Amino acid sequence: VGDKTIVREFGCDHGIAAQSILLGAVEKGLGGCMVGSVKRKKLADALDLSDRYRILLVIALGRPKEKVVIQKVGSAGDIRYWRDRRGTHHVPKRSLNDIILD
Ligand SMILES: Cc1cc2nc3c(=O)[nH]c(=O)nc-3n(C[C@H](O)[C@H](O)[C@H](O)COP(=O)(O)O)c2cc1C
């Protein structure tokens, strides 16, 4: 959450914080996921959150149930995740060369 009594705009602070939290979580054997699509009013009501705070991001944290394998994106360029018969979760990622602009 962002405290609206401190600043009005939060820029990318919550993204930086969320990434740090997730990297720390992975170091501790946990897994997580950032969620930006949130029913903010409903969540604020459920948490009895003061109006002074704006919900910026939600992070789901927990013990990973499945094995995740990072792999290179194939020649077709498909970045969709998929699971094999054993339930391993395959996550295609673009290479560093593909995402750096020169
Ligand atoms: C700022 C931010 C907000 C996100 N919000 C959502 C969301 O609302 N719903 C969702 O399904 N994934 C959301 N994602 C995507 C997931 O958090 C996650 O990054 C994505 O599934 C890719 O996972 P990976 O980075 O482990 O490959 C968001 C990611 C970021 C960085």
Side-chain angles (χ1 to χ4, degrees):
V1 298
D3 187 336
K4 294 188 270 185
T5 65
I6 299 174
V7 284
R8 289 158 64 97
E9 295 301 327
F10 300 95
C12 58
D13 292 1
H14 45 299
I16 296 167
Q19 177 156 319
S20 302
I21 290 167
L22 286 168
L23 288 172
V26 169
E27 281 297 307
K28 292 179 183 301
L30 299 170
C33 187
M34 291 183 213
V35 184
S37 178
V38 180
K39 290 180 176 159
R40 287 176 166 74
K41 169 87 176 79
K42 211 170 172 181
L43 181 59
D45 287 349
L47 296 174
D48 201 17
L49 195 67
S50 159
D51 193 41
R52 123 182 213 185
Y53 300 112
R54 185 186 306 160
I55 294 172
L56 302 171
L57 265 182
V58 167
I59 302 177
L61 283 175
R63 301 205 178 281
K65 270 179 81 175
E66 55 184 16
K67 186 177 171 202
V68 178
V69 179
I70 306 289
Q71 58 192 48
K72 274 185 171 179
V73 172
S75 52
D78 195 345
I79 57 163
R80 278 176 295 185
Y81 298 176
W82 58 282
R83 288 178 177 81
D84 63 26
R85 266 183 281 156
R86 289 183 175 165
T88 300
H89 192 169
H90 296 263
V91 180
K93 291 288 180 192
R94 295 183 183 93
S95 70
L96 198 54
N97 278 340
D98 290 342
I99 61 170
I100 290 180
L101 303 181
D102 39 32

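Whatever order the structure lists ligands and atoms in, that order sets their numbers, starting from 1. Remember, predicted model here, so these are calculated numbers, not experimental data.
- Of all non-hydrogen atoms in Tyr81 and Val91, the two that sit nearest each other are CE2-CG1, 3.2 Å.
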Thr88 vs Arg83, side chain to side chain contact (heavy atoms under 4.5 Å, CB included): CA-CA, chis, key distance, verdict:
CA-CA 5 Å; Thr88 300; Arg83 288 178 177 81; over 6 Å; no
List the steps, then state whether side chain to side chain contact (heavy atoms under 4.5 Å, CB included) holds for Asp13 with Leu56.
CA-CA 10 Å; Asp13 292 1; Leu56 302 171; over 6 Å; no
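- Qualifying side chain to side chain contact (heavy atoms under 4.5 Å, CB included) partners for Ser75, counting only residues two or more places apart in sequence or in other chains: none.
- Checked against side chain to side chain contact (heavy atoms under 4.5 Å, CB included), Asn97 has the following partners two or more places apart in sequence or in another chain: Ser95.
- Protein residues having at least one heavy atom under 4.0 Å from any atom of ligand 1 are Cys33, Met34, Val35, Gly36, Ser37, Leu57, Tyr81, Val91, Lys93, listed by chain and number.
- Annotation: side chain to side chain contact (heavy atoms under 4.5 Å, CB included) contacts of Leu43 (sequence neighbours excluded): Val38, Leu47, Ile55, Val58.
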